[in-house]
Amino acid sequence: MDQEKLAAALEKLRATPGWREAFVRHLLALEKEIATPGVDLREEVTGPLVDAVYQEGEPVRRSLSNGVTFEFLYRSKIARDFVMSEPAVPDHAWEPMTSRIVVDLAKGAQQVVIGGAYFGDHAILIAREIAKNGGVVHAFEPNSDQRRMLMRNAEINGLTNIVARPEGLWSSSSEHLKLVGYDSFATAEKADAGAADAFQTVTIADYLAAQGVDRLDLIVIDIEGAELAALKGAEKYLAGPAGPHIVYEVHRHYVDWSQGMDQTEISRFLTGLGYHLFALRDFNSNVDLSGKPVELIPQDKVYLEGPPHGFNMVAVKDPTVFDGPGYRIVENVSPKLLRHKDPKLHHPVDGL
């Protein structure tokens with residue numbers, strides 16, 4: 001097929017929603033039919049084909065099984081894998097176990113801080129849960145496009161308890177940062193105050209003090225390497241026996257875990273404040289794990305081999321919160337769940 005015919009065929013798929021949906025479903029069936037150990041079909045074959053029938057930045061609307069609806073821009077792996085969800089109406093937008101645990105840890109919460117709120121894939125779920133308590137989500141998202149989508153999703157879902165903030169969470173409130181990179185992969189770097197793309201930093205402690213908040217229940221942060229700085233800026237709230245639960249990302253690009261996760265700077269900081277740390281086993285994607293318990297790995301029992309990668313950690317003052325049937329403590333496996341890798345290391349212990 002020549003390039004003109006291919007372009008015309010793709011344009012027809014883009015312009016006909018029913019055809020495009022059917023195309024995506026056929027590709028999902030193909031993933032099962034030709035699944036090959038060691039080959040990431042989603043990244044190498046099916047994902048790029050789906051990308052080809054969506055316009056970069058195209059607004060997309062999808063709903064979850066609990067009735068939550070999201071609008072988002074098609075310009076990231078998060079957007080693509082949400083579009084490729086199976087079932088077509090899933091129970092989460094991104095990261096199934098993270099989506100579940102943040103809502104669970106938010107039960108009864110009054111005050112929640114989210115850093116890197118994006119279009120609200122986790123913030124909306126948390127806000128919906130804590131609205132019944134009169135709780136508030138303070139959602140920090142410097143990317144103006146995504147912050148607008150976050151507030152649009154709050155409106156769509158009838159939520160009035162999200163405070164969207166443009167600042168970047170940091171260890172001081174006197175810096176200026178800029179986003180370097182694209183969309184969900186953008187990292188924060190220091191910038192001149194007068195730069196057009198610069199944004200102000202704020203510490204969690206300074207922000208909450210200005211809001212008159214004296215107790216924090218949950219922190220969720222995914223800010224591409226700025227997690228430690230943000231947590232240092234919340235130390236006032238983390239000290240003592242009633243510190244907030246924390247869910248945060250670590251990545252080999254930003255965190256040196258060569259001596260073990262428990263020897264990283266961020267782990268030493270949190271354990272010094274009385275926290276117990278676990279790696280959260282999850283897919284960095286949209287994968288149906290309904291009915292399976294959340295698997296947590298004690299930080300000194302995490303399998304960390306492999307190319308540079310990232311995953312989420314959970315820090316709690318009282319680890320008995322994970323004693324219920326919805327959780328399973330496991331050891332010597334990877335937190336990175338991957339369909340195409342060794343099942344003993346990269347699949348849930350009872351299989352997919």
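Judged purely by atom type and a 3.5 angstrom limit, Asn161 uses its side chain to pair as donor or acceptor with the backbone of Ala127. Looking at Ser334, its side chain does come within 3.5 Å of a backbone N or O of Lys336 through a donor-acceptor pair. A side-chain donor-acceptor contact under 3.5 Å links Glu227 to the backbone of Gly225. Judged purely by atom type and a 3.5 angstrom limit, Asp222 has no side-chain atom pairing as donor or acceptor with the backbone of Glu249. Of the possible polar contacts, one joining the Asn157 side chain to the Thr69 backbone as a donor-acceptor pair under 3.5 Å is found.
When hydrophobic clusters are built by joining Ile, Leu, Val, Met, Phe, Trp and Tyr residues whose side-chain heavy atoms come closer than 4.5 Å, directly or via intermediates, Val53 is grouped together with Val45. A continuous path of Ile, Leu, Val, Met, Phe, Trp and Tyr side chains, each step under 4.5 Å between heavy atoms, connects Ile124 with Leu64, placing both in one hydrophobic cluster. In terms of hydrophobic clustering, with Ile, Leu, Val, Met, Phe, Trp and Tyr side chains grouped at heavy-atom distances under 4.5 Å, Tyr303 and Leu338 are assigned to different clusters. Tracing side-chain contacts under 4.5 Å through hydrophobic residues (I, L, V, M, F, W, Y), one never reaches Val287 starting from Leu345; they form parts of separate clusters.
Here the straight-line distance linking atom NZ of Lys107 with atom CG of Leu218 works out to 12.5 Å at 0.5 Å rounding. Going from atom CD1 of Ile126 over to atom CZ of Arg128 covers 13.5 Å, rounded to the nearest 0.5 Å.
Between Ile204 and Ile219 there is a side-chain heavy-atom pair separated by less than 4.5 Å. When side chains are defined from C-beta on, Ile101 counts as touching Tyr327, because their heavy atoms get closer than 4.5 Å. Side-chain contact between Tyr248 and Leu277 is present, with at least one heavy-atom pair separated by less than 4.5 Å. Annotation: side chain of Leu337 is not in contact with side chain of His347 (no heavy-atom distance under 4.5 Å).
The pair Glu155-Arg152 counts as a salt bridge, with a side-chain nitrogen and a carboxylate oxygen less than 4.0 angstrom apart. Checked for salt-bridge contact, Glu95 and Arg100 miss the test: no charged N lies under 4.0 Å from a carboxylate O. Taking 4.0 Å as the cut-off between side-chain N and carboxylate O, Asp145 and Arg75 count as a salt-bridged pair. Ionic pairing of Asp217 and Arg215 is present here: one or more N-O contacts between side-chain nitrogen and carboxylate oxygen are shorter than 4.0 angstrom. Between Glu11 and Arg14 there is a salt bridge, since at least one side-chain N of the basic residue sits less than 4.0 Å from a carboxylate O of the acidic one. The pair Glu141-Arg148 does not meet the salt-bridge criterion, since no charged nitrogen lies less than 4.0 angstrom from a carboxylate oxygen. Taking 4.0 Å as the cut-off between side-chain N and carboxylate O, Glu295 and Arg328 count as a salt-bridged pair.
Checked against a 6.0 Å centroid threshold, the rings of Phe278 and Phe322 count as neighbours. Between His251 and Tyr254, the ring centre distance stays below 6.0 Å.
Of all non-hydrogen atoms in Tyr54 and Arg62, the two that sit nearest each other are OH-NH2, 3.4 Å. Closest approach of Val89 and Ser65 over heavy atoms only: CG1-N, 3.6 Å.
Ring pair Phe82/Phe119 is parallel by interplanar angle, where below 30° counts as parallel and above 60° as perpendicular.
Here the rule is side chain to side chain contact (heavy atoms under 4.5 Å, CB included) with Asp288, and of Pro96, Ser85, Pro87 only Pro87 fits it. For the side chain to side chain contact (heavy atoms under 4.5 Å, CB included) with Val137, the lone residue among Val220, Ile130, Val163, Leu159 that qualifies is Ile130.
Heavy-atom contacts from other residues, nucleotides or ligands closer than 6.0 Å to CD of Glu4 number 12 or fewer. Residue Glu33 places its CD atom among 12 or fewer non-hydrogen atoms of other residues, nucleotides or ligands, all under 6.0 Å distant. Within 6.0 Å of atom NZ in Lys317, more than 12 heavy atoms from other residues, nucleotides or ligands are found, so the atom counts as buried in its surroundings.
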Side-chain donor-acceptor pairs of residues 206-213 under 3.5 Å, sequence neighbours excluded:
residue	atom	partner	partner atom	Å
Asp206	OD2	Ser173	OG	2.7
Asp206	OD2	Thr203	OG1	3.3
Tyr207	OH	His138	ND1	2.9

